[in-house]
Engineer: 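Here you go, one structure.
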2 protein chains.
Amino acid sequence: MNFSSKLIEEAVGAFATLPGIGKKTALRLVLHLIQQEKSSTTEFAEALVRMRENIRECARCHNLSDSELCTICADTRRNETVVCVVETIRDVMAIEDTGQFRGVYHVLGGVISPIEGVGPQDLNIASLAQRIDEQGVKEVIMAVSPTIEGETTIFYLAKQLKPYDVQVSTIARGVSFGGELEYADELTLGRSIVARIPYKSDDDSA
Amino acid sequence: MNFSSKLIEEAVGAFATLPGIGKKTALRLVLHLIQQEKSSTTEFAEALVRMRENIRECARCHNLSDSELCTICADTRRNETVVCVVETIRDVMAIEDTGQFRGVYHVLGGVISPIEGVGPQDLNIASLAQRIDEQGVKEVIMAVSPTIEGETTIFYLAKQLKPYDVQVSTIARGVSFGGELEYADELTLGRSIVARIPYKSDDDSA
């Protein structure tokens, strides 16, 4: 593309370094900024730089954080004896959005994957074991992806946690709510029958 | 979405003000920046601010420019007696990309549209008339959209340019190259027959 302006070319190039943004989209974004007040571009840029300069890892759970401890670890109303182990901070957000979990998290930073050269030493595993004692953790919930790498990681972690007096569980797997049985894949459907659970009506919970 | 970080929330909000970028995409972009060096976010932000602070309108053709005159107006090899009138700077880029035009441009900034409240006084029309004399313009090529508003604008401009000794032309309209006749719309196909042109083989141009 011929921008006939070095400034535009550089700004388009900057946007185009972001994933999923091509030159055409980048140009559209740049032209949008030009139509806005100068201050809105400054504010946009400042928000990004402020975020990048100050964001850090929570010293306890490795979630992204604005300070030493993330808002979840710092929240005294959360039950720190139940730790949910996830792969990424995106998973933390997804589980938080459900509003169903009142424990705390531990972000591994990935899963064990020999093909991609990720071994246990590349993940936040040592700090998990350390937390078990310090926090008096009673239960560790494995909420990692249901893939071979995920299962391998759960297997490894469960072995590491054996010396501790802690219950290890995994999130339930089965047929999705709202999903139709005939469209569920064989493995999921098969497992959901093997791992069937006693029926409880809502009345029982009262 | 629950970001559990004010910094992330602000950065996501900043990206989400851009057109076509929702919260999910914004989060993906923010997490991408976090995975990169701090310097790459700073450079990204600086390119945008530098562009927004310094970009201006070419004093002659209203194209975007880094200095008083845009690179096209400043280029002495361009033929300034032929002016191509376009709606937006995007059209300038599109025509420049073809590499087929060696004249100069005049960016109107839109088309006359009573429905959207855009009248002739909202467009860069006065400065066009002024250029005719100053530059000794011989031909004005109307390259605006083939819409009712576009045709209205051409009609108005042609009337304004009547007192001047200047030829007014429009870009050719017809069936696209590579397009199939049966898929061309009726209006285009009908006009392309009425406005048929004498056949010239490539040999003739030699």
Side-chain angles (χ1 to χ4, degrees), chain A residues 1-15 17-21 25 27-34 36-55 58 63-67 70-72 75 88-90 92-97 99 105, chain B residues 1-15 17-21 25 27-34 36-55 58 63-67 70-72 75 88-90 92-97 99 105:
Chain A
M1 262 186 285
N2 193 324
F3 300 113
S4 74
S5 156
K6 195 135 199 78
L7 294 169
I8 303 260
E9 196 175 337
E10 283 170 2
V12 167
F15 267 121
T17 60
L18 299 176
I21 296 190
T25 304
L27 176 61
R28 193 158 50 77
L29 299 178
V30 168
L31 295 182
H32 169 83
L33 289 180
I34 291 174
Q36 310 295 311
E37 293 291 320
K38 284 185 185 180
S39 61
S40 77
T41 299
T42 318
E43 281 158 24
F44 173 75
E46 280 171 358
L48 297 188
V49 171
R50 192 165 53 236
M51 179 279 295
R52 189 62 191 86
E53 289 291 333
N54 297 306
I55 200 78
C58 171
N63 187 10
L64 287 177
S65 175
D66 298 357
S67 44
C70 74
T71 51
I72 297 170
D75 185 347
T88 68
I89 56 150
R90 251 182 256 236
V92 173
M93 292 179 194
I95 296 174
E96 283 297 286
D97 282 345
Y105 296 90
Chain B
M1 260 187 285
N2 193 324
F3 300 113
S4 73
S5 155
K6 196 136 200 77
L7 294 169
I8 303 260
E9 197 175 336
E10 283 170 1
V12 167
F15 267 122
T17 61
L18 298 177
I21 295 191
T25 306
L27 176 61
R28 193 159 49 80
L29 298 179
V30 168
L31 295 182
H32 169 82
L33 289 179
I34 291 173
Q36 309 296 311
E37 292 292 318
K38 284 185 184 180
S39 62
S40 77
T41 299
T42 318
E43 281 158 24
F44 173 74
E46 281 171 356
L48 297 187
V49 171
R50 193 165 52 236
M51 180 279 296
R52 189 64 191 84
E53 291 290 332
N54 297 305
I55 201 79
C58 172
N63 188 9
L64 287 177
S65 176
D66 297 357
S67 44
C70 74
T71 50
I72 296 170
D75 186 346
T88 68
I89 57 150
R90 251 181 255 235
V92 173
M93 291 179 194
I95 296 175
E96 282 298 287
D97 281 345
Y105 296 91

Engineer: Chain B: which of A:Thr88, A:Asp75, A:Leu64 shares the most heavy-atom pairs with it under 4.5 Å?
Structural biologist: A:Leu64

Engineer: So for A:Ile72, is it side chain, backbone, both, or neither that comes closer than 4.5 Å to the heavy atoms of chain B?
Structural biologist: side chain

Engineer: Are any of the side-chain heavy atoms of B:Glu53 and A:Thr42 separated by less than 4.5 Å?
Structural biologist: yes

Engineer: I'd like to know which of A:Thr41, A:Ile21, A:Thr25 tops the heavy-atom pair count under 4.5 Å against chain B.
Structural biologist: A:Thr41

Engineer: With B:Glu10, which residues qualify under salt bridge (Lys or Arg N to Asp or Glu O under 4.0 Å), at least two apart?
Structural biologist: A:Arg50

Engineer: Shortest non-hydrogen contact from A:Ala47 to B:Ala14?
Structural biologist: CB-CB, 4.0 Å

Engineer: Flag the pair B:Arg28 / A:Leu18 as yes when at least one side-chain heavy-atom distance between them is below 4.5 Å, and no otherwise.
Structural biologist: no

Engineer: Could you grab the distance from atom NZ of B:Lys6 to atom CE of A:Met51, nearest 0.5 Å is fine?
Structural biologist: 15.0 Å

Engineer: Sequence neighbours left out, what passes salt bridge (Lys or Arg N to Asp or Glu O under 4.0 Å) with B:Arg52? Give chain and number order.
Structural biologist: none

Engineer: Looking only at heavy atoms, what is the nearest atom pair of A:His32 and B:Thr17, with distance?
Structural biologist: NE2-O, 3.9 Å

Engineer: Let me know if B:Glu43 has heavy atoms under 4.5 Å from chain A in its side chain, its backbone, both or neither.
Structural biologist: neither

Engineer: Examine whether an atom of A:Asn63 lies under 4.5 Å from a heavy atom of chain B, and if so say whether it belongs to the side chain, the backbone or both; otherwise answer neither.
Structural biologist: side chain

Engineer: Heavy atoms only, distances under 4.5 angstrom: which of A:Ala45, A:Gly13, A:Ser65, A:Ser40 has the most pairs with chain B? Name it, please.
Structural biologist: A:Ala45

Engineer: Could you state the interatomic distance from CE (B:Met93) to CG (A:Leu31), rounded to the nearest 0.5 Å?
Structural biologist: 5.5 Å

Engineer: Just so I understand: if I count every heavy-atom pair under 4.5 Å between each of B:Ile89, B:Asp66, B:Leu33 and chain A, which residue has the most?
Structural biologist: B:Asp66

Engineer: For chain A, find which of B:Ile55, B:Asn54, B:Val49, B:Val92 contributes the most heavy-atom pairs closer than 4.5 angstrom.
Structural biologist: B:Ile55

Engineer: Give, as side chain, backbone, both or neither, the part of A:Glu46 having an atom under 4.5 angstrom from any heavy atom of chain B.
Structural biologist: neither

Engineer: Under 4.5 Å, counting heavy-atom pairs only, tell me which of B:Cys70, B:Pro19, B:Ala11 racks up the most with chain A.
Structural biologist: B:Pro19

Engineer: Against chain A, work out which of B:Leu29, B:Ile8, B:Thr71, B:Ile34 has the most heavy-atom pairs shorter than 4.5 Å and name it.
Structural biologist: B:Ile34

